[in-house]
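Only one structure is covered here, and it is reproduced in the block below.
Below, chain A is the first sequence line, B the second, and so on; all start at residue 1.
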Number of protein chains: 2
Amino acid sequence: MTYSHFMNESQTLKAERKIKEKTARRDAILKAAKDAFFKNGFMETTVEDIADSCGLAKGTIYLYFKSKEEIYVSLMTKGLELLKKEMLKAASAEYDGDKILYQLLAIYYKFYLKNRKYFRIIFLSSHPDVRRRVSGELLKSSVETANDCLGILNDAIKRGIKSGSFKQTDPWQAANILWAMVNGLIMKYETDPIYREEIVGIKLEKILIESLNLFLDGLRIK
Amino acid sequence: MTYSHFMNESQTLKAERKIKEKTARRDAILKAAKDAFFKNGFMETTVEDIADSCGLAKGTIYLYFKSKEEIYVSLMTKGLELLKKEMLKAASAEYDGDKILYQLLAIYYKFYLKNRKYFRIIFLSSHPDVRRRVSGELLKSSVETANDCLGILNDAIKRGIKSGSFKQTDPWQAANILWAMVNGLIMKYETDPIYREEIVGIKLEKILIESLNLFLDGLRIK
DNA sequence: ATAGAAAAATGACTTATAGTCATTTTATGA
DNA sequence: TCATAAAATGACTATAAGTCATTTTTCTAT
C-alpha cells in the first residue's frame with residue numbers, strides 16, 4: 001500500500017513487457033508458419049509442423065491463434081503490410097500521377113518476384129472457403145490493409161486528374177480497375193506454372209507494362 | 001468362333017453401353033458433388049457427403065475420381081465449359097468487335113449472377129495448393145477450356161482490328177488483359193461479401209461496364 | 001438356365017491431423 | 001518461501017481422406 005504508486009508503475013512496466021513477450025511469441029509462430037506454408041502450401045502444412053519448428057507444443061499455438069486458417073490469414077495481412085510499405089515508398093515521390101503509376105507497377109512487380117509465395121497466401125486467403133473459418137475482426141484488418149494499397153493508387157490517380165493529365169473520372173473506381181487488372185494478370189500467371197508459357201506466350205513483365213499503358217491510354221485526355 | 005463377326009459387333013455395342021454407364025455415373029457423382037460444394041464449400045464437404053447424396057459408398061467414388069481435389073477440378077472444368085458455351089453464343093453474332101465485347105461482358109456478368117458458386121470453384125481450383133494434388137491430364141483439360149474462352153475474346157478483338165475500329169495491337173495480349181481485369185474485379189467482389197459495399201461503394205455491374213469502356217478507350221484509334 | 005469369370009461396389013479399416021483440455025511447469029508477488 | 005496466476009504441454013477425441021479384402025452384380029460361354 002505504502003509504495004502503491006511505485007507498484008502501479010512497475011506493474012505497468014510488467015504488463016507492457018508481458019504484452020511485448022506475447023507479441024514476440026506470436027511473431028515467432030508466424031515466422032515458423034511462413035516458412036512452413038511457403039514450403040508446403042496450406043493443405044500440406046500441419047499445425048504440428050509449425051509448432052515443432054518454433055519449439056512449442058501444438059496446444060500452445062492455439063493459445064495464440066484460433067485456427068490454422070487464422071494463422072494463414074494473419075500471414076496474409078503481414079504480406080499486405082509489406083506490400084503497402086513498398087508502395088508508400090514509391091508513391092511518396094513528387095512525380096505526376098502518370099509516372100507514379102509506372103513506379104508503383106515496378107515496385108509491385110518487384111515485390112511479386114521476391115514474394116511469390118506471399119501472393120499465393122493472399123490469393124488463397126481471399127477465398128470465401130478459407131474466410132468463413134476466420135473471425136470477422138481478423139478479416140477486417142486484412143481488408144483494411146488491402147484497402148490502404150488501393151488508397152495509394154487512388155491518390156496517384158487523383159493527382160493525375162488534378163494536374164490535368166488524366167480526364168475527369170472517379171479515381172476510386174479507376175484504382176479498383178487497375179488493381180483488379182494487375183492482380184488478375186498475376187493470378188493468371190501464378191495459376192499454373194507448368195502450362196503458363198504455352199497459354200499466354202507473353203512475359204509477365206511485358207504484359208503488365210502493356211496493361212498499364214492501355215489503362216493510362218484510356219485515362220488520359222485525348 | 002463361327003459367329004465371331006456378330007460377337008465383335010455386339011461386344012462393341014456392349015462396350016459402348018458400358019462407357020455410357022460409366023459416364024452417367026461419373027456425372028451423377030459430379031452432380032451430387034456440385035450440390036455439396038455449392039452448399040458447404042470445399043473444406044467442409046466430405047467425400048462421404050457426396051457418396052451418400054448419390055446413393056453410393058465412399059469407396060465407389062474413388063473408382064471414378066482419384067481424390068476430392070480431382071472431383072473439384074472436374075467441376076471447375078464443367079463450369080468453364082458452361083461459360084464457354086454462353087460466350088460462344090454471344091460471339092456468334094455478326095457485330096463488330098466493339099459490340100461483341102459488350103455482349104460478351106453482359107453474358108459473363110449474367111453467368112456470374114446465376115453461377116456465383118461456380119466462380120468460387122474456379123477461383124479455388126486455380127490455386128497451386130489445390131492444383132498440386134491433381135493429375136496433369138485433368139489440369140490440362142481445364143486449362144484448355146479456359147483458353148478457349150480467351151480465344152473467343154481474341155477473335156472479337158481481331159475482328160475489331162480488321163474492321164479498323166481498334167488500333168493495331170497484339171489481340172492475344174489484349175484478350176488476356178481484358179480477361180484478367182474482369183476476373184480480377186469479380187474476384188474482388190467475391191472475396192468478402194460482408195465488407196464489399198463499404199470497400200468499393202460501387203455496384204459491380206457499373207464498374208464492369210466502366211472497365212470495359214476504359215479498355216476500349218485504350219484500344220480504339222484516336 | 002447355369003456355372004464360373006470379370007467388373008463393380010462396398011464399408012470396415014488405417015492413417016493423419018485439427019482442435020481440446022486436464023495436468024504440469026513456470027513466473028509473479030506478498 | 002509459499003500461494004496464486006499465467007503459460008505451456010501433449011495425450012486424447014473427433015473427424016475425414018483414402019485403401020483394400022470381401023461381397024454383390026453383371027456378363028459370357030455352354
Side-chain angles (χ1 to χ4, degrees), chain A residues 1-4 6-26 28-29 32-33 36-37 40-72 129-130 132-135, chain B residues 1-4 6-26 28-29 32-33 36-37 40-72 129-130 132-135:
Chain A
M1 290 293 175
T2 332
Y3 301 108
S4 64
F6 284 124
M7 284 158 73
N8 280 340
E9 201 177 317
S10 88
Q11 273 175 345
T12 308
L13 284 172
K14 285 272 166 65
E16 269 171 16
R17 203 200 51 187
K18 267 280 167 75
I19 287 166
K20 254 191 192 164
E21 272 173 6
K22 267 228 150 192
T23 308
R25 180 132 293 178
R26 212 188 106 102
I29 293 170
F37 285 134
N40 301 315
F42 180 73
M43 319 273 199
E44 283 164 27
T45 294
T46 72
V47 176
E48 195 122 38
D49 288 344
I50 296 169
D52 286 351
S53 90
C54 59
L56 292 171
K58 186 162 64 150
T60 310
I61 305 294
Y62 286 93
L63 298 175
Y64 293 85
F65 297 92
K66 282 204 207 78
S67 65
K68 188 178 158 183
E69 280 80 6
E70 293 228 338
I71 304 174
Y72 200 69
D129 281 14
V130 173
R132 63 159 50 179
R133 296 164 73 102
V134 169
S135 75
Chain B
M1 292 290 176
T2 333
Y3 300 107
S4 65
F6 283 124
M7 284 156 74
N8 280 341
E9 199 176 319
S10 87
Q11 273 174 345
T12 308
L13 285 171
K14 286 271 167 66
E16 270 172 14
R17 204 202 48 189
K18 268 278 165 77
I19 287 167
K20 255 191 191 163
E21 272 172 5
K22 266 230 151 191
T23 307
R25 180 131 294 179
R26 212 188 106 103
I29 294 169
F37 285 134
N40 302 315
F42 180 73
M43 318 271 198
E44 282 163 29
T45 293
T46 72
V47 175
E48 194 123 40
D49 289 344
I50 296 169
D52 286 351
S53 90
C54 59
L56 292 170
K58 186 163 64 151
T60 310
I61 305 294
Y62 286 93
L63 299 175
Y64 293 84
F65 296 92
K66 281 204 207 79
S67 67
K68 189 177 158 185
E69 280 81 6
E70 293 228 338
I71 305 174
Y72 201 69
D129 280 13
V130 173
R132 65 158 51 179
R133 296 165 74 102
V134 169
S135 74

Check A:Arg133 against A:Glu70 and note the closest heavy-atom contact, atom names and distance. O-CG, 4.5 Å
Figure out the CD1/C1' separation between B:Ile50 and D:dG18, and round it to whole Å. 13 Å
Counting N and O atoms only, with roles assigned by atom type, does the side chain of A:Arg132 sit under 3.5 Å from a partner on the main chain of B:Asn40, one being a donor and the other an acceptor? yes
I need the CD1-C1' distance between B:Ile71 and D:dA17, as an integer number of Å. 11 Å
In this structure, CG of B:Leu56 is separated from CD1 of B:Ile61 (nearest 0.5 Å) by 5.0 Å
Mind calculating the distance between CZ (B:Arg25) and C1' (D:dT26) to the nearest angstrom? 13 Å
Rounded to whole Å, how long is the line connecting atom CG of A:Leu63 with atom P of C:dT25? 17 Å
Take the angle between the ring planes of B:Tyr72 and B:Phe37 and call it parallel below 30°, perpendicular above 60°, tilted in between. perpendicular
Rounded distance in Å - CD (A:Glu21) to C1' (D:dA8): 14 Å
Round to a whole Å and report the spacing from CD1 of A:Ile61 to P of D:dA7. 15 Å
Over all strands shown, is B:Tyr64 touching base, sugar-phosphate only, or nothing at heavy-atom distances under 4.0 angstrom? sugar-phosphate
Produce a footprint string for nucleotides 11-24 of chain C: one letter per nucleotide, 5' end first; B if the base is under 4.0 Å from any protein heavy atom, S if only the sugar-phosphate is, - if neither. B-----SBBB----
What is the minimum heavy-atom distance between A:Leu63 and A:Lys22, and which atoms define it? O-NZ, 4.4 Å
Say you draw a straight line from CE of A:Met43 to CE of B:Met43; how long is it, rounded to the nearest 0.5 Å? 5.0 Å
